Trainee: 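The structure under discussion is supplied below as structure tokens; questions concerning it will follow.
Nothing here was measured: the structure is a model prediction, and the numbers come from that model.
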Amino acid sequence: PYDIDLVVMGSHGAKGIKEAFIGSNTQSVIRHAHVPVLVIKHPEENFNPGRIVFASSFRNNITKQLKTVMNFARLWNAEVDLVFINLLSHLIDEHEAEKLMRIQMKEAGVSGCTLSVIETNEEEFGIME
């Protein structure tokens, strides 16, 4: 119903070791959102990110989301790191993962990103890595 390109939300953390970095509501949004989620941990008067991490499985078409992240990064001349979350339950070869990332980059007209592949059991862990 809404044409949302990016979710920006604050987080003060939650209880427990698993939720030490981001709260349970934030984790839920990250898990279920179909657009990029920017989590702000602490208020910043002069917000000026130098580096942005975009994590995905890159298996679905994320061209629109990738363009949005790149446009956001350009506002601050921030570097963008693309991270392929390679779940062990659906593991694919690292070269195949990088190929999927490059295809998405080409479709979005994006270049100059750092590419990484993280193999993990949990999406949240891969994102935090």
Side-chain angles (χ1 to χ4, degrees):
Y2 300 101
D3 190 24
I4 298 171
D5 294 323
L6 174 70
V7 174
V8 179
M9 63 186 299
S11 174
H12 357 284
K15 298 178 181 96
I17 194 83
K18 183 177 179 185
E19 299 168 337
F21 297 109
I22 23 183
S24 59
N25 289 332
T26 306
Q27 286 181 5
S28 179
V29 170
I30 289 171
R31 263 194 303 277
H32 297 100
H34 297 286
V35 297
V37 179
L38 173 63
V39 179
I40 309 284
K41 290 288 292 173
H42 303 286
E44 294 286 335
E45 287 184 31
N46 298 315
F47 182 68
N48 187 12
R51 187 172 177 199
I52 296 172
V53 176
F54 181 81
S56 174
S57 69
F58 292 88
R59 289 184 170 104
N60 298 321
N61 185 342
I62 56 158
T63 302
K64 182 178 177 182
Q65 293 87 349
L66 189 52
K67 285 180 182 180
T68 299
V69 169
M70 296 307 294
N71 288 335
F72 189 76
R74 282 188 200 103
L75 293 173
W76 291 280
N77 294 319
E79 295 178 22
V80 176
D81 296 328
L82 302 181
V83 179
F84 187 100
I85 304 299
N86 201 2
L87 293 175
L88 296 176
S89 59
H90 299 95
L91 193 64
I92 65 171
D93 178 73
E94 184 173 341
H95 296 293
E96 187 64 28
E98 288 180 3
K99 182 179 175 185
L100 287 172
M101 295 169 80
R102 291 185 195 287
I103 289 169
Q104 295 280 354
M105 288 174 62
K106 184 176 180 179
E107 289 178 7
V110 169
S111 63
C113 299
T114 303
L115 307 181
S116 300
V117 178
I118 302 288
E119 295 179 0
T120 181
N121 284 325
E122 295 183 28
E123 289 174 338
E124 291 88 359
F125 177 78
I127 292 168
M128 297 308 288
E129 276 296 303

Trainee: Can you tell me how far apart CG (Leu87) and OG1 (Thr120) are? Round to the nearest 0.5 Å.
Mentor: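 Reported value, rounded in 0.5 Å steps: 7.0 Å.
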Trainee: Suppose clustering is done on Ile, Leu, Val, Met, Phe, Trp and Tyr with side-chain heavy atoms closer than 4.5 Å. Which residues sit in the same group as Ile103?
Mentor: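 When side chains under 4.5 Å apart are linked, Ile103 ends up in no cluster with other residues.
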Trainee: Rounded at 0.5 Å granularity, tell me how far SG in Cys113 sits from CD1 in Ile52.
Mentor: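 Cys113 SG to Ile52 CD1: 10.0 Å, rounded to 0.5 Å.
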Trainee: Identify the heavy atoms of Val110 and Met70 that sit nearest to each other, and give their distance.
Mentor: CG2-CG, 3.5 Å
Trainee: Going through the distances and angles, do Leu115 and Arg102 end up as a side-chain contact (heavy atoms from CB on, under 4.5 Å)?
Mentor: CA-CA 9 Å; Leu115 307 181; Arg102 291 185 195 287; 3.4 Å; yes
Trainee: Could you report the tightest heavy-atom contact between Ser111 and Met105, atom names first, then the distance?
Mentor: CA-CE, 3.9 Å
Trainee: Would you say CD of Glu107 has more than 12 non-hydrogen atoms from neighbouring residues, nucleotides or ligands within 6.0 angstrom?
Mentor: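 Count over threshold, so yes.
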Trainee: Starting at CG of Leu38, measure out to CD1 of Ile40 and round the result to the nearest 0.5 Å.
Mentor: 4.0 Å
Trainee: Can you see which heavy atom on Gln65 is nearest to which on Val35, and at what distance?
Mentor: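 So the minimum-distance heavy-atom pair works out to CG-CA, 3.8 Å.
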Trainee: Show every ring-ring contact (aromatic ring centres under 6.0 Å, His included) that has at least one partner inside residues 64-110, sequence neighbours left out.
Mentor: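 Counting only pairs at least two positions apart or across chains, the ring-ring contact (aromatic ring centres under 6.0 Å, His included) contacts touching residues 64-110 are Phe47-Trp76, Phe72-Trp76.
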Trainee: So, taking the atom named CD in Gln104 and the one named NZ in Lys67, what distance separates them when rounded to the nearest 0.5 Å?
Mentor: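 NZ of Lys67 is found 11.5 Å from CD of Gln104.
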Trainee: Taking C-beta and beyond as the side chain, do Glu119 and Leu88 meet within less than 4.5 Å on heavy atoms?
Mentor: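 Yes, at least one pair of side-chain atoms sits under 4.5 Å.
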Trainee: Please give me the minimum heavy-atom distance between Leu6 and Pro36, naming the atom from each residue.
Mentor: CD1-O, 3.5 Å
Trainee: For residues Ile85 and Ser57, determine if any side-chain heavy atom of one lies less than 4.5 Å from a side-chain heavy atom of the other.
Mentor: no
Trainee: Could you grab the distance from atom CG of Leu100 to atom CG of Asn86, nearest 0.5 Å is fine?
Mentor: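 Leu100 CG to Asn86 CG: 9.5 Å, rounded to 0.5 Å.
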Trainee: Tell me, do Val37 and Met9 make a side-chain contact under 4.5 Å, heavy atoms counted?
Mentor: yes
Trainee: Tell me every residue that passes salt bridge (Lys or Arg N to Asp or Glu O under 4.0 Å) with Lys99, counting only those two or more places apart in sequence or in another chain.
Mentor: none
Trainee: Not counting sequence neighbours, which residues clear side-chain hydrogen bond (donor to acceptor under 3.5 Å, both in side chains) with Asn61? List them please.
Mentor: Thr63
Trainee: Rounded to the nearest 0.5 Å, what separates atom CZ in Phe58 from atom CG in Leu66?
Mentor: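 These two atoms lie 6.5 Å from each other.
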Trainee: Taking side chain as C-beta onward, heavy atoms only, is Ile30 less than 4.5 Å from Val39?
Mentor: yes
Trainee: Taking all non-hydrogen atoms of both residues, which atom of Val80 and which atom of Ala73 are closest, and how far apart?
Mentor: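 Between these two residues, the closest heavy atoms are CG2-CB, 3.5 Å.
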Trainee: By side-chain hydrogen bond (donor to acceptor under 3.5 Å, both in side chains), which residues pair with Thr114, not counting sequence neighbours?
Mentor: Asp81
Trainee: Which residues satisfy the side-chain hydrogen bond (donor to acceptor under 3.5 Å, both in side chains) test with Arg59, sequence neighbours excluded?
Mentor: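 Once residues adjacent in sequence are excluded, Arg59 has no partner under the side-chain hydrogen bond (donor to acceptor under 3.5 Å, both in side chains) criterion.
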Trainee: Nearest heavy-atom pair of Met101 and Leu82: which atoms, and what distance?
Mentor: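 That would be CE-O, 3.2 Å.
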Trainee: Is there a side-chain contact between Asp3 and Lys64 in this structure, where contact means two heavy atoms from C-beta onward sitting under 4.5 Å apart?
Mentor: yes
Trainee: Only one of Val83, Ile62, Thr68 forms a side-chain contact (heavy atoms from CB on, under 4.5 Å) with Phe54, so which one is it?
Mentor: Ile62
Trainee: For atom CG of Asn60, is the number of surrounding heavy atoms from other residues, nucleotides or ligands below 6.0 Å larger than 12?
Mentor: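 For Asn60, atom CG is not crowded (no more than 12 foreign heavy atoms under 6.0 Å).
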